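This report refers to the structure that appears directly beneath it.
In this text, all values refer to a predicted model and were calculated from it rather than measured experimentally.
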Amino acid sequence: MTENASLSCIPPLHKQVAEYHFRDKILLRQGIMSVSDDIALEERYDAGLKLIVVHSGRVHSESTGGQQIMIDSPAVFIAAGSDNYILQNRFKAGVPLHYTLLQLSPDWLEQQQILLPAVFGSRQALSLRHIALGGRIAACAGQLFDSTVQDALKPLYYAGKAGEFAALCLQQVITAPAAAHKPLSRREISGLQRAEEILRDEMETPPCLEQLALRTGLNSRKLTQGFRQRHGQSVYGWLQELRLQTAWQMLTTQGEAISAVAYHVGYTPAHFSVVFRKRFGLVPGDVRKRHFCN
């Protein structure tokens, strides 16, 4: 019955994986998954509550019962169930998946007297959901592996942060308004996906809303409504989140100058420092030091 934090490369498709285990009750993992070919993996998961922040990348998950979740932008994937389960996960070649994972066991949830929100349905049935990656959730995820905490205090730190992170995600599930729009048509989904591609490719100098609408075949109203229904954010709220998550990834995995990172994601260095700190609670230089100076 020990606690440990480690850096490893256990699964062959993973790199820069950081893991923390608290007995058999809490598992934290952060890393990047990269594949050279499109691949589908059948993966087994333990019962309990599983929260995965997708900072960037693309994944399509399907349960044996037919539930499906498609994530191709910053979001939180949530799985809850009282039995072990299997998911088939599909990953896209050349699109690294940068993620943070939290797994809480049924025993831990019971000890903390936590009842999952009614939206998850029966405790026995597996429930898959996803929510937009809000600012507070992303900031908390960024703090989960804080290397400045002394080893003797890490069990306390990680348990506290895990609880905070889970609470923020579940609160967003509870307060999210019910879908007010009819399901998106294939044409609308295609147009929204095209808009996301354009914004990813041109985040340094993105088109205005009217130009984006023309290039995707959707009018401005449909584009705005579609982004809110698909991501829970406005078009340019989603773009700002994409920019900042891209910047975080670059700061933690690449050696480019902070000014170069700022220009790459569409900010001047001064403005970048302000919005980055507001978003994550840290200035870019602090993030760089934590990952390259330890």
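- With sequence neighbours left out, the ring-ring contact (aromatic ring centres under 6.0 Å, His included) criterion links F77 to no other residue.
- Side chain of T252 to backbone of Q249: a donor-acceptor contact under 3.5 angstrom is found.
- No side-chain heavy atom of R44 sits under 4.5 Å from any side-chain heavy atom of Y85.
- Contact check for R277 versus V283: side-chain heavy atoms found under the 4.5 Å cut-off.
- Residues I52 and L102 fail the side-chain proximity criterion, which asks for heavy atoms closer than 4.5 Å.
- In this structure the side chain of D83 never reaches within 4.5 angstrom of the side chain of L126, judged on heavy atoms.
- Ionic pairing of K92 and D38 is present here: one or more N-O contacts between side-chain nitrogen and carboxylate oxygen are shorter than 4.0 angstrom.
- In this structure, Y263 has no ring-ring contact (aromatic ring centres under 6.0 Å, His included) partners at least two apart in sequence or on a different chain.
- Classified by interplanar angle (parallel below 30°, tilted 30° to 60°, perpendicular above 60°), the ring pair F280/W248 is tilted.
- A 4.5 Å side-chain heavy-atom check between L28 and L101 finds every atom pair outside the cut-off.
- R129 contributes no side-chain N or O that, together with a main-chain N or O of I69, makes up a donor-acceptor pair within less than 3.5 Å.
- The cationic atom of R243 (NZ for Lys, CZ for Arg) lies less than 6.0 Å from the six-membered ring centre of Y267 and within 45° of the ring axis.
- Here the side chains of V76 and I78 are in contact, with some heavy-atom distance below 4.5 Å.
- For Q225 (side chain) and K222 (main-chain N/O), no donor-acceptor pair under 3.5 Å exists by modelled atom type.
- The CD atom of E196 sits 11.5 Å away from atom CG of L239, with the distance rounded to the nearest 0.5 Å.
- Between R187 and L218, the closest side-chain pair of non-hydrogen atoms falls below 4.5 Å.
- The minimum heavy-atom distance linking K161 with C140 is given by the pair O-SG, 4.0 Å.
- Between R194 and I189, the closest side-chain pair of non-hydrogen atoms is not below 4.5 Å.
- A salt bridge links E202 to R215: at least one charged side-chain nitrogen sits closer than 4.0 Å to a carboxylate oxygen.
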